[in-house]
Every structure is written in C-alpha cells, then in structure tokens.
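See structure below.
All values below were derived from every heavy atom in this structure, side-chain atoms included, with hydrogens, water molecules and symmetry-related copies excluded. Just so it is clear, the structure is predicted and the values come from calculations on it, not from any experiment. Chain letters run A, B, ... following the sequence lines, proteins first, then strands; residues in each count from 1.
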Number of protein chains: 2
Amino acid sequence: MENTIKKILSLGLKEESLPKLLPLFEKAEFPKGHMLIKAGRTERSVYLLEKGIARAFCHKDDKEINFWLGAESNILLSYNSFFLNTPGYENIELLEDSVLYKISHNALQNLYLTDLELANWGRRLAESELIKAEECFIARQFKTAKECYEDFITTSPDILQRVQLGHIASYLGISQVTLSRIRAEIR
Amino acid sequence: MENTIKKILSLGLKEESLPKLLPLFEKAEFPKGHMLIKAGRTERSVYLLEKGIARAFCHKDDKEINFWLGAESNILLSYNSFFLNTPGYENIELLEDSVLYKISHNALQNLYLTDLELANWGRRLAESELIKAEECFIARQFKTAKECYEDFITTSPDILQRVQLGHIASYLGISQVTLSRIRAEIR
DNA sequence: AAGAAAATTTTACAAATGTTAAAAAACGAA
DNA sequence: TTCGTTTTTTAACATTTGTAAAATTTTCTT
C-alpha cells in the first residue's frame with residue numbers, strides 16, 4: 001500500500017501516528033466498470049486509490065457529466081454524502097481494474113474525536129482538497145477549452161493514455177467534437 | 001458579532017469552547033473598495049464577514065475575473081496562501097463599507113494543535129467549504145449561463161441588489177453583454 | 001435641476017462551441 | 001486474420017457567447 005501511505009504522510013501525519021490509522025484500512029479490489037459510489041446512497045466509506053483510475057460524474061438530463069478524474073494516490077469519496085451523512089449526488093466509477101484501501105466513517109470519526117494528531121491530519125486533508133477544488137474552479141473560469149486541455153496534457157499525461165477521450169472531454173466541460181478539433185489544431 | 005458567532009456555531013462547535021475562540025478575534029472595519037487580501041502576499045489572517053459584501057478575484061491578462069462573491073456570515077481568506085503559507089494568487093475586495101472579525105494564523109494554529117474540540121471544528125469548517133466549492137464547480141459544468149443566473153437570483157437576491165452587474169457577470173463566468181441578454185430574456 | 005460620470009442595455013458582427021450524422025480509425029473476439 | 005463493435009475524427013449547420021461601439025439609463029455631484 002505504498003501509494004496510500006505516501007498520500008497519508010504527505011499531509012504531515014507523524015510517522016508514529018501511522019499505526020493508529022493503518023489498521024483501519026481494508027484492502028478492496030474491483031474490476032473495471034465497478035460503481036464504487038452511487039448517487040442516492042448515503043456513503044459511509046472513504047477510499048484511497050492504490051492502483052487504477054476513477055471518474056466521478058453526475059447526471060444532467062439523460063447524460064453523464066464527469067467532474068473529476070484521477071489515478072493513483074487519490075482519495076475517492078462523495079464529499080456531500082460522507083461529510084453530511086445524507087444521500088449524495090455523486091457517482092464514482094472505476095475505469096480500470098483497481099486496488100483500493102477503504103476506511104469506514106465510524107472508524108475515522110472515532111479517531112478524529114479522540115486523537116488530536118489525527119484530527120489535525122483530517123483538517124489538513126480537507127484543506128488540501130479545498131485548495132485543489134478552488135484551483136479547478138478558477139482554472140475553468142479563466143481558461144479557454146484549449147488551455148484546459150493543454151494543462152491536462154502536462155499535469156496528467158498518464159490519464160490521457162489510459163482513459164478514452166469522451167471521458168476527458170466531459171471532464172473538461174466540452175463536447176467530444178470540440179476536443180477533437182483542439183487535438184487536430186495542436187497536432 | 002452576531003453573524004460571526006452564528007457562523008462558528010453552525011459548524012458544531014460546542015458552546016463551551018466558544019470562550020477559547022472568541023477572544024482571539026479582533027474587530028476590524030474597512031471602507032468600500034478596501035483590498036483586504038492582495039495577490040502576491042503571504043496572508044496570515046482569516047476574516048469573518050460580519051457586515052458587508054466582498055468579492056474574490058484573480059487577474060487574467062489585464063482583466064479581473066471574480067471567482068467568489070459573498071455577504072454576511074462568510075469566511076474570507078486566501079486558501080492557497082493561508083493553508084500553505086505561500087504567496088497567494090487571490091485578491092479580496094470589499095464592495096461595501098464592512099465590519100469584519102479577524103483571527104491570526106498563529107492564534108488559530110495554536111488552538112488547533114492543542115485543543116481537540118477546536119481541531120475538529122477546523123476540520124468541519126474546511127469540509128463544509130469543500131462541499132460548497134465542489135457544488136460550485138459542478139454547477140458551472142452542468143448549467144447554462146441562464147440557469148446559473150437564475151440560481152443566483154434565488155440563492156442570493158440580496159447580493160443582486162447590492163452589487164453591480166459587471167461583478168455578477170464576471171462571477172458567473174460570462175460577459176456583461178451576455179448577462180444583459182439573459183436579463184432581457186427573462187424580463 | 002442640470003450636467004457629468006458611471007453603469008447597463010442594445011446593436012452588429014465575429015469567433016467559439018454544440019448537435020447530428022457520416023466517415024475513418026482503432027480495438028476485440030471468434 | 002476478419003468481422004463487428006467501439007472510439008475518434010471530420011463535416012455541415014445552428015446556436016451561443018464574445019467584442020467593440022453606440023445608445024440609453026441610472027447615479028452622483030454641484
């Protein structure tokens with residue numbers, strides 16, 4: 001669980017607190033296409049993606065729209081459902097055969113409410129996700145479709161190779177036709 | 001500091017912890033047009049907006065683009081700068097004469113690292129902002145400009161009255177001409 | 001109230017993106 | 001391989017949105 005531990009420690013958790021957290025994780029493997037999280041459910045787990053790729057999407061009318069795409073070392077959860085304990089609107093699907101580590105809401109909550117070091121780790125986790133979310137939002141407001149795609153190429157070249165373009169277009173907020181045009185233009 | 005306390009308690013802080021937190025806040029008043037936070041600075045304060053309206057914006061080429069707009073009971077900070085202790089890219093300007101409560105990074109950090117209850121409060125604060133940030137991002141991906149404006153009317157009718165339309169157009173990610181067209185269509 | 005300044009709307013045209021459908025290319029299973 | 005399916009690209013056209021500039025309305029000041 002190398003990727004998972006790397007992710008955990010990157011948020012400044014002290015090494016000595018690792019033994020409190022790690023035993024709560026449970027390894028889980030799922031095939032490509034598995035729906036890890038489904039809208040309408042109240043999700044009581046968080047996952048760390050050890051190996052694989054996942055997309056988060058919502059439904060707009062009859063279409064699916066991706067709003068997140070990520071590979072190894074990412075956290076998978078429905079913010080809305082997990083934090084507020086209500087049915088979520090997010091779906092998360094695995095786009096490759098994947099290995100994950102799963103931790104339950106209860107287990108995590110118990111740690112948070114009894115262990116200062118881990119409570120602060122959880123805070124930093126949320127803060128770092130918040131920075132990323134804001135950056136995504138701002139990038140979308142600032143940039144043309146072409147700029148967004150160019151950013152994507154440089155920040156996630158691996159995902160570009162491993163995921164079909166329709167998913168990437170949806171994630172970038174453009175139609176697949178537009179993405180094709182951009183790709184033709186750059187080439 | 002009614003609005004500020006309401007905001008603090010809404011995140012599930014126990015009443016008995018309030019006396020630890022409140023004395024750290026310092027009241028501050030600024031006139032309309034004051035730049036509370038400037039890009040390039042490393043910001044060491046968070047503000048709670050007791051009275052007034054603020055916008056957060058970045059520069060794109062020579063233009064300003066709003067990415068946040070809020071009134072009373074909102075938290076004002078540069079996520080990037082405050083959490084990571086680096087120069088931020090965000091600017092925050094007050095759009096009305098405003099009353100704020102200010103707390104320093106050091107004071108807050110001391111509390112977080114010594115008080116379990118407050119560390120968890122800080123975690124929930126970041127989590128709730130994260131949910132909002134994600135919702136904003138998704139809404140923008142999902143909705144047409146017209147739908148975004150209609151949402152804005154219903155969720156923030158007060159801001160619509162108090163802020164000029166150019167700022168709202170920028171926040172909605174559209175030109176002012178497009179906003180005018182939408183308004184003419186709805187009328 | 002009158003004039004100046006600022007904000008908003010309107011107009012005309014250009015550029016970007018979406019939709020639908022067809023063509024081409026890539027991929028997989030027998 | 002070869003056929004059939006899926007994915008990607010291309011084409012044609014419609015729609016949306018942006019830009020620049022002018023017209024109008026609102027706001028502020030004297």
Side-chain angles (χ1 to χ4, degrees), chain A residues 31-33 53 55 57-67 69 93-97 138-153 156-187, chain B residues 31-33 53 55 57-67 69 93-97 138-153 156-187:
Chain A
K32 175 174 177 169
I53 290 197
R55 70 175 178 120
F57 65 95
C58 294
H59 286 278
K60 159 85 168 181
D61 307 328
D62 56 339
K63 283 177 216 155
E64 295 178 352
I65 300 187
N66 294 339
F67 62 87
L69 209 50
E93 179 190 358
L94 300 174
L95 299 179
E96 293 180 349
D97 295 345
I138 292 176
R140 194 59 56 82
Q141 186 123 335
F142 262 55
K143 296 182 181 177
T144 62
K146 189 175 166 187
E147 288 172 318
C148 287
Y149 176 65
E150 285 168 338
D151 286 355
F152 188 82
I153 293 177
S156 312
D158 51 322
I159 296 185
L160 188 62
Q161 296 308 316
R162 291 155 69 186
V163 168
Q164 63 195 50
L165 291 174
H167 282 316
I168 290 168
S170 171
Y171 169 64
L172 294 175
I174 57 179
S175 71
Q176 186 165 353
V177 175
T178 298
L179 179 56
S180 253
R181 280 194 276 242
I182 290 169
R183 285 163 57 84
E185 194 184 345
I186 287 176
R187 198 186 321 136
Chain B
K32 174 174 177 170
I53 289 196
R55 72 176 177 118
F57 67 95
C58 294
H59 286 278
K60 160 85 167 178
D61 306 327
D62 56 339
K63 284 178 215 157
E64 295 177 351
I65 299 187
N66 295 338
F67 62 86
L69 209 49
E93 180 190 359
L94 301 174
L95 300 178
E96 293 181 347
D97 295 345
I138 293 176
R140 194 59 58 81
Q141 187 123 334
F142 262 55
K143 295 182 182 178
T144 62
K146 188 175 167 187
E147 288 171 318
C148 287
Y149 177 64
E150 284 167 339
D151 286 354
F152 188 82
I153 292 176
S156 313
D158 51 323
I159 296 184
L160 189 62
Q161 296 309 316
R162 291 156 70 187
V163 169
Q164 62 194 52
L165 291 173
H167 282 316
I168 292 169
S170 170
Y171 170 65
L172 294 174
I174 57 180
S175 70
Q176 187 166 352
V177 174
T178 299
L179 179 55
S180 254
R181 282 194 274 242
I182 291 169
R183 285 163 58 83
E185 196 184 342
I186 288 177
R187 196 187 320 139

Protein-nucleotide distance (B:Glu185, atom CD; C:dT8, atom C1'), rounded to Å: 17 Å
Rounded to whole angstroms, how far apart are CD on A:Gln164 and P on D:dT6? 11 Å
Just so I know, are the side chains of A:Thr178 and A:Leu172 near enough to count as touching, which here means a heavy-atom distance under 4.5 Å? no
Nearest to side-chain heavy atoms of B:Thr178, which nucleotide of D:dT8, C:dT9, D:dT17: D:dT17
Please state how far atom CD in B:Gln141 lies from atom C1' in C:dT17, giving the value in whole angstrom units. 15 Å
In the structure I gave you, are the side-chain heavy atoms of B:Val163 and B:Arg55 within less than 4.5 Å of one another anywhere? no
What's the closest nucleotide to the side chain of A:Ser180 if the choices are D:dT17, C:dT19, D:dT9? D:dT9
Can you name the residues that form a salt bridge (Lys or Arg N to Asp or Glu O under 4.0 Å) with B:Glu150, not counting sequence neighbours? none
Measure from the side chain of B:Ala145, starting at C-beta and using heavy atoms only, and say which of C:dT9, D:dT9, D:dT17 lies closest. D:dT17
Nearest of C:dT8, C:dT19, D:dT19 to any side-chain atom of B:Lys63? D:dT19
Under a 4.5 Å cut-off applied to non-hydrogen side-chain atoms, are B:Tyr149 and B:Ile186 in contact? yes
What is the distance, to the nearest angstrom, from the NZ atom on B:Lys146 to the P atom on D:dT15? 15 Å
Is any side-chain heavy atom of A:Leu69 less than 4.5 Å from a side-chain heavy atom of A:Phe152? yes
Report the distance from atom NZ of A:Lys32 to atom P of C:dC27, rounded to the nearest whole Å. 12 Å
Measure the distance from CD on B:Gln176 to P on D:dT24 and round it to the nearest whole Å. 18 Å
Shortest non-hydrogen contact from A:Ala139 to A:Cys148? O-SG, 4.3 Å
Taking five pairs at each terminus, the helix from C:dA1-D:dT30 to C:dA30-D:dT1 shows an axis bend, to 10°, of 50°
Grab the N/O contacts between the protein and nucleotides 28-30 of chain C below 3.5 Å, and write none if there aren't any.
none

Is it true that, when you exclude A:Lys32 itself, more than 12 heavy atoms of the residues, nucleotides or ligands shown sit nearer than 6.0 Å to its NZ? no
Within a strict 4.5 Å, meaning less than it, do heavy atoms of the A:Asp158 and A:Ile53 side chains meet? no
Touch class at under 4.0 angstrom, heavy-atom based, for A:Leu179 against every strand present: nothing
Between C:dT8 atom P and B:Ile174 atom CD1, what is the distance in whole Å? 13 Å
B:Val163 vs A:Gly173, nearer the 5' end of DNA chain C by closest nucleotide: B:Val163
For a quick check of understanding: with a heavy-atom distance under 4.0 Å over all strands, which category does A:Arg181 fall into, base, sugar-phosphate or nothing? base
Has A:Arg183 got a side-chain N or O lying under 4.0 Å from the OP1 or OP2 atom of D:dT8? no
Any side-chain heavy atom of A:Gln141 sitting closer than 4.5 Å to one from B:Arg140? yes
Nucleotide of C:dT8, D:dT10, D:dT19 approaching B:Val177 most closely (side-chain heavy atoms): D:dT19
Could you tell me whether the side chain of B:Cys58 reaches within less than 4.5 Å of the side chain of B:Ile65, counting heavy atoms only? no
Rounded to the nearest angstrom, tell me the gap between atom CD1 in B:Ile168 and atom P in C:dT9. 10 Å
